[in-house]
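Heads up: the structure comes next, in structure tokens.
The figures here come from the full heavy-atom set of this structure, side chains too, leaving out hydrogens, waters and symmetry mates. Lettering follows sequence order; numbering is per chain, from 1.
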Number of protein chains: 2
Amino acid sequence: MSTAQPPPGASRPGGRTARTRQAVLDAVFEELGEGGYAALTMEGVARRSGVHVATIYRRWRSVEGLVCELMADLSGGIPLPDTGTLRGDLRALARSIAAFYTEPRYCGLLEAVVSAAARQPEAADVLRQFFDQRLRLAGSMVPRAAARGELPEGADPDEVVAALGAPFYYRLLIARRPVDIRLADRAAEAAWVAARAGVFAPAAGTADGVRDGTDAVRDAAGSVRDASGSVGDTADPA
Amino acid sequence: MSTAQPPPGASRPGGRTARTRQAVLDAVFEELGEGGYAALTMEGVARRSGVHVATIYRRWRSVEGLVCELMADLSGGIPLPDTGTLRGDLRALARSIAAFYTEPRYCGLLEAVVSAAARQPEAADVLRQFFDQRLRLAGSMVPRAAARGELPEGADPDEVVAALGAPFYYRLLIARRPVDIRLADRAAEAAWVAARAGVFAPAAGTADGVRDGTDAVRDAAGSVRDASGSVGDTADPA
DNA sequence: GACCTAACGCGAGATGACTCGCGTTAGCGT
DNA sequence: ACGCTAACGCGAGTCATCTCGCGTTAGGTC
């Protein structure tokens, strides 16, 4: 978070520019901690950082821009677990994520980025790229596990890590409740069981190619398979 | 969506009031379809609906208010699948959700509600209550399955349904890509496998009480269990 | 150490979101 | 059919957000 790397084309990367940048981003982070995205205003950031409002507008254009750059700052160095087993890796990663989002400032940042992405296409790009990178990095645990024979062949690393992370974002953004360690362990366990069962293997289209260790896999297949083409219509399920 | 129920205390529920209400909410819905939440402005809604801006402000206060009422309108009548097996129910529900969010207007509504919740506590309440109700309704498939002996005892219905839904919201809000039927089938299969393995049983704290049909459940336990208390600290995992 | 200029501070001005008061319309009771 | 009043249309007014131009500061360069 403190790797204040100057923008590539900056003609004056040293001293003051970097200083104001850091002051502003720190202020954004603090503001997000108190009151979340709702309380994040340009005036507030200016007041807290001591940088003039016009300067902030010049460099970042909007609160969305601020939030994007703050998030992009986080992309350095994910500590990738390597416990020796996929199950251990998944649990360790899940607990790291839980610890991360226990911090209110990071919760606020998540809300802010998701909200920003809903308003500005550029913010959406930043968000997508950030999480794509995270998936790619964390996904390295999957081929390791496959090499150890822990998983059926062809498990998609992105899918496994996405399955691990999804419950956190559901909890925070949809259910709107805090994360806890029980959520982390359940998420890790669910991802592990599903991965082991071959749910995340390519397996062409529907999940009928699933191999799992249990019996009774084949019930219920007939009654829903005929609904294959129903995704296109606009039926209202709610 | 068309059950224009008048507000409880409304002293004049008929005719014009309901008409303008419907016109406005329809306009919001359409605006969300074109350009999403970014393009949702009071002026736009007023222009499209033919209702004056001041009137919309009077009744709904803000765009967040509009979005909340539109979402609350959706709460009527979730079609609950009942295919005879939990696996079939999960897949049917997942495909319904996929179909739902294939419609751009509902995607926009989701984005809008999540964004609104990040700004207004009341919107957050509406969002939470809405999804709580959805979980409660859809969760009925779980005790049915338990009664048929498809699941280990004590599986938490909310957890099962949340696990089913989470991948959709991850895909839409975080990965920022469209949902498809493959996602639906994978989500259903993952939720089913995990539920069957006992991941969503209460099982006191950590997930060590898991019973699954596979072997090798017990590797990896030692190396991460000691990290139990690490959620409280503010370590930065990203 | 002296020059050059990108970046910043500052205040005035423009833009758009939001509110208010009044006259009018139309649902609802009698 | 008549009157009552909640809800709406309308335009002016207010306020916060955002931009612009100029003078100043301080990095970078020779």
Side-chain angles (χ1 to χ4, degrees), chain A residues 4-28 31-32 35-69 112 115-116 118-120 122-123, chain B residues 4-28 31-32 35-69 112 115-116 118-120 122-123:
Chain A
Q5 49 184 356
S11 55
R12 192 166 288 184
R16 187 166 62 166
T17 299
R19 220 160 43 231
T20 61
R21 181 189 124 95
Q22 199 59 42
V24 168
L25 293 185
D26 286 350
V28 172
E31 290 280 312
L32 283 174
Y37 191 50
L40 186 65
T41 179
M42 288 299 222
E43 267 77 10
V45 174
R47 213 176 315 123
R48 186 184 288 262
S49 66
V51 177
H52 199 271
V53 194
T55 301
I56 304 179
Y57 274 111
R58 261 193 292 260
R59 286 187 59 174
W60 289 279
R61 301 289 299 174
S62 62
V63 281
E64 286 82 12
L66 281 172
V67 163
C68 284
E69 189 155 342
S115 285
R119 294 193 166 279
Q120 286 196 353
E122 313 95 63
Chain B
Q5 47 184 358
S11 54
R12 191 166 289 182
R16 187 167 61 164
T17 299
R19 219 160 44 230
T20 61
R21 181 188 124 95
Q22 198 60 41
V24 168
L25 293 185
D26 286 350
V28 172
E31 290 280 313
L32 283 174
Y37 191 49
L40 186 65
T41 180
M42 287 299 222
E43 266 77 9
V45 173
R47 213 177 315 122
R48 187 184 287 263
S49 65
V51 177
H52 199 272
V53 194
T55 301
I56 304 179
Y57 274 111
R58 261 194 290 261
R59 286 187 61 175
W60 288 280
R61 300 290 299 174
S62 63
V63 281
E64 286 82 10
L66 281 171
V67 163
C68 284
E69 188 155 342
S115 285
R119 294 193 165 281
Q120 287 196 351
E122 314 95 63

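- Of the side-chain N and O atoms in R19(A), none sit less than 4.0 angstrom from OP1 or OP2 of dC8(C).
- Rounded to an integer number of Å, the gap from CD of Q22(B) to P of dC8(D) is 14 Å.
- Listed pair R16(A) / dG28(D) fails the phosphate criterion, with no side-chain N or O lying under 4.0 Å from OP1 or OP2.
- Here the nucleotide nearest the side chain of A54(A), chosen from dC10(C), dG9(C), dA7(C), is dC10(C).
- If you check dG9(C), dT19(C), dT17(D) against the side chain of H52(A), the one that comes closest is dG9(C).
- The phosphate of dC20(C) (OP1 or OP2) has no side-chain N or O of R58(B) nearer than 4.0 angstrom.
- In this entry the distance linking CD1 of I56(A) with P of dC8(C) reads 10 Å, nearest Å.
- Atom CZ in R47(A) sits roughly 12 Å away from atom P in dA16(D) (whole-Å rounding).
- Computed from coordinates, the M42(B) CE to dG9(D) P distance equals 14 Å when rounded to whole Å.
- Checking the phosphate oxygens (OP1, OP2) of dT19(C), no side-chain nitrogen or oxygen of Y57(B) falls inside 4.0 Å.
- Across all strands, T20(A) comes closer than 4.0 Å only to sugar-phosphate atoms, never to a base (heavy-atom distances).
- Phosphate contact (OP1/OP2 of dA7(D), side-chain N/O of T17(B), threshold under 4.0 Å): absent.
- Considering all non-hydrogen atoms of both residues, L32(B) and A112(B) come closest at CD2-CB, 4.0 Å.
- Minimum interatomic distance between Y37(A) and S115(A) (heavy atoms only, all atoms of both residues): CE2-CB, 3.4 Å.
- Exactly one residue among L40(A), D26(A), V63(A) makes a side-chain contact (heavy atoms from CB on, under 4.5 Å) with V45(A). That residue is L40(A).
- Within the 4.5 Å cutoff, side-chain heavy atoms of R59(B) are placed close to those of T20(B).
- Between E64(A) atom CD and dT17(D) atom C1' the separation is 13 Å, expressed in whole Å.
- If you check every strand for non-hydrogen atoms under 4.0 Å, V51(B) touches sugar and phosphate atoms only.
- The nearest heavy atom of DNA chain C to E43(B) and to G50(A) marks one nucleotide each, and the one closer to the 5' end goes with G50(A).
- The two atoms that bring E31(B) and G44(B) nearest to each other are OE2-O, 3.8 Å, heavy atoms only.
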